[in-house]
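Before I ask anything, here is the structure I am working with.
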Amino acid sequence: MKMGQTKGASSDENRILKRPFILAAIMLAMFMGAIEGTIVSTAMPAIVSDLGGFSLYTWVFSGYLLMNAVTVLIYGKLSDLFGRKPILTIGIIIFLIGSVLCGFAGSMEELIMYRFIQGLGAGAVAPVATTIIGDIYEKHERARVQGYLSSVWGISAVLGPALGGILVESLTWRLVFWINIPLGLLSMLGLWLFLHENIERKKQNIDYQGAFLLTLAVCAIMLILVEGGVHWAWSSPQVIGLAALAAAALALFVRQEKKVSEPMMPFEIWQERSILIANIVSLATGVIIIGLSTFLPTFVQGVMERSPTVAGFTLTAMSIGWPIASTIAGYLLMKIGFKSTSVLGGVSLIAGSVVLVCMPPDAGPLIAAIGSFLVGIGMGLTSTSFIVMIQDTVTWERRGIATASNMFMRNIGNTVGAALLGGIMNSRLAEYLAENNGSGKHLTIDSANLLLNSEERKSLPAKAVEVLQSGLTLSLHTVYLIILLFAVISFVLLLLLPKKEQKED
């Protein structure tokens, strides 16, 4: 029997009957991780009001993302060594421990520390859950089921803000974290009742040194990207020191991986052209996603003068388009193959980016939502194609780390994009304000915050509002141009994918 298959696979009927329950358990785990982002974002104003520490606001998210990105490759490799079920279970338990502690946090510093624990567990959920789908479903079924998993993100994007608002206004923000507990427990129950793996029992040689060096390198890189240009100047001793540490750790990591029998990152999987291209494109699309998620609401609220709810609607459009396209991708992969499906996704990414670039300030939120929806369609088509293609390319023993490497690259793209696009927006806005600050009131980059609050916006002189909105429009237009550039790069790379069609087992 092939490793990773369900015990009793000699009876196909028995195996098929269990798969819906396994899928339900996996979707619960994915939903737990997906809703965490949207629901916490909604609750943050209430959390800051209660705990204080506004200056530490961003670290509530950065700490979680940092640990998630650091551990995703390690969990992927461990699932190849010890099986998916125990590693995913460990990840969920750590995530739940972090969630319980977050709910008891008495200060912002405590909350950030507990979010690190949450992120440490969250790193296992998406890659291992996605890998299990590759194990228990045949090639021709994987795309359709990956569409189901993608729908979890769409549902969480719609439910998260509403649920977060209800919990904060009616009960307490602490329930935002504790709501994970029943979801995680039900997911683990389903996994242990219905997922039976037949793992070859042998002594495993764990690459502890490689795992340490990888963690050290990624931590240093992520800290540079999160803090560089914000709290530390790019030429500061902190950034230079971390860059040197990251370079040294990466060099030692590569050397270590080449000499061990069970490397944490088997470099041979990157020699496969389809995996290499898929991972580079995932890095680029990570930049696109964070650019859209971070800066589109700013444009809708600050320039179009719409409410936070309307701004949230424009982002929800992307979260709706993504699972729809993921489901469609399941059929397209069988009809036209990996490459053609991915290229269609690349076209949609470009179309959505063009809508954003050409969007005038008076266009209205519907146009913004259309651009967002098209980007979601592009993400659904490309990401589903990549996961199915990667899992089709490697063996069971490499499937976990190969799947995790793709998600890791998108995480890095998110962080690189946040730093890159944020820096571009701030510099362009600062230049514009320096040249056009004739309103009688000294305007800075921080003055743009006043545009995001309708009451504070009304208190500003009309000329100041005009200058700020024009500066914000110009700077965000530049951001959208960079997003379009990454969409074009993604499309060109997708054209280089090998033409390998989806075949049935």
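The chain is numbered in sequence order, starting from 1.
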Checklist entry - Are Met32 and Ile179 close enough, and set up right, to give a side-chain contact (heavy atoms from CB on, under 4.5 Å), and what steps lead you there? => result CA-CA 9 Å; Met32 179 185 69; Ile179 198 173; over 6 Å; no

Item to check | Pairwise side-chain hydrogen bond (donor to acceptor under 3.5 Å, both in side chains) hits with a residue in residues 341-369, at least two apart | outcome: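 side-chain hydrogen bond (donor to acceptor under 3.5 Å, both in side chains) check on residues 341-369 returns no pairs.
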
Next on the checklist: When you compare the side chain of Leu242 with that of Trp232, does any pair of heavy atoms fall below 4.5 Å?
Outcome noted: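 Yes, side chains in contact.
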
Checklist entry - Yes or no on side-chain contact (heavy atoms from CB on, under 4.5 Å) for Met108 and Met113, after CA distance, side-chain angles and deciding distance? => result CA-CA 9 Å; Met108 190 65 86; Met113 183 172 63; over 6 Å; no

Checklist entry - At their closest point, which heavy atom of Ala329 faces which heavy atom of Leu381, and how far apart are they? => result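 Nearest pair, atom of Ala329 first, then Leu381: CB-CD2, 4.0 Å.
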
Item to check | Heavy-atom pair of closest approach, residues Ile94 and Gly121 | outcome: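 Scanning both residues completely, I find the closest heavy atoms to be CG2-N, 3.6 Å.
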
Item to check | Pairing residues for Ala278 by the side chain to side chain contact (heavy atoms under 4.5 Å, CB included) criterion, not counting sequence neighbours | outcome: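 For Ala278, the residues satisfying side chain to side chain contact (heavy atoms under 4.5 Å, CB included) (neighbours in sequence not counted) are Phe386, Met389, Ile390, Asn406.
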
Checklist entry - Is there side-chain contact between Thr172 and Leu167, with heavy atoms separated by less than 4.5 Å? => result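 Thr172 does not reach Leu167 side chain to side chain.
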
Checklist entry - So, Gln118 and Ser99: side-chain donor and acceptor under 3.5 Å apart, yes or no? => result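 Their side chains do contain a donor-acceptor pair, which is all the 3.5 Å distance test asks for.
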
Item to check | Pair Ile117-Tyr64, side-chain contact (heavy atoms from CB on, under 4.5 Å): steps then yes or no | outcome: CA-CA 8 Å; Ile117 297 174; Tyr64 178 86; over 6 Å; no

Next on the checklist: Are the side chains of Phe338 and Leu497 in contact, using a 4.5 Å heavy-atom criterion?
Outcome noted: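 Not in contact.
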
Item to check | Centroid separation Trp322 to Phe373 less than 6.0 Å | outcome: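 So the answer is no for these two rings.
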
Distance-only donor-acceptor hits, side chain of residues 475-487, under 3.5 Å, sequence neighbours excluded:
residue: Ser475; atom: OG; partner: Gly471; partner atom: O; Å: 3.0
residue: Ser475; atom: OG; partner: Leu472; partner atom: O; Å: 3.0
residue: His477; atom: ND1; partner: Val357; partner atom: O; Å: 3.1
residue: Thr478; atom: OG1; partner: Arg428; partner atom: NE; Å: 3.3
residue: Thr478; atom: OG1; partner: Leu474; partner atom: O; Å: 3.1

Checklist entry - Hey, is the main chain of Gly337 close enough, under 3.5 Å, to the side chain of Ser340 for a donor-acceptor pair? => result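 Side chain of Ser340 to backbone of Gly337, a donor-acceptor pair under 3.5 Å: no, none is there.
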
Next on the checklist: Would Cys102 and Arg115 count as a side-chain contact (heavy atoms from CB on, under 4.5 Å) here? Give the steps.
Outcome noted: CA-CA 7 Å; Cys102 283; Arg115 286 282 282 175; 4.0 Å; yes

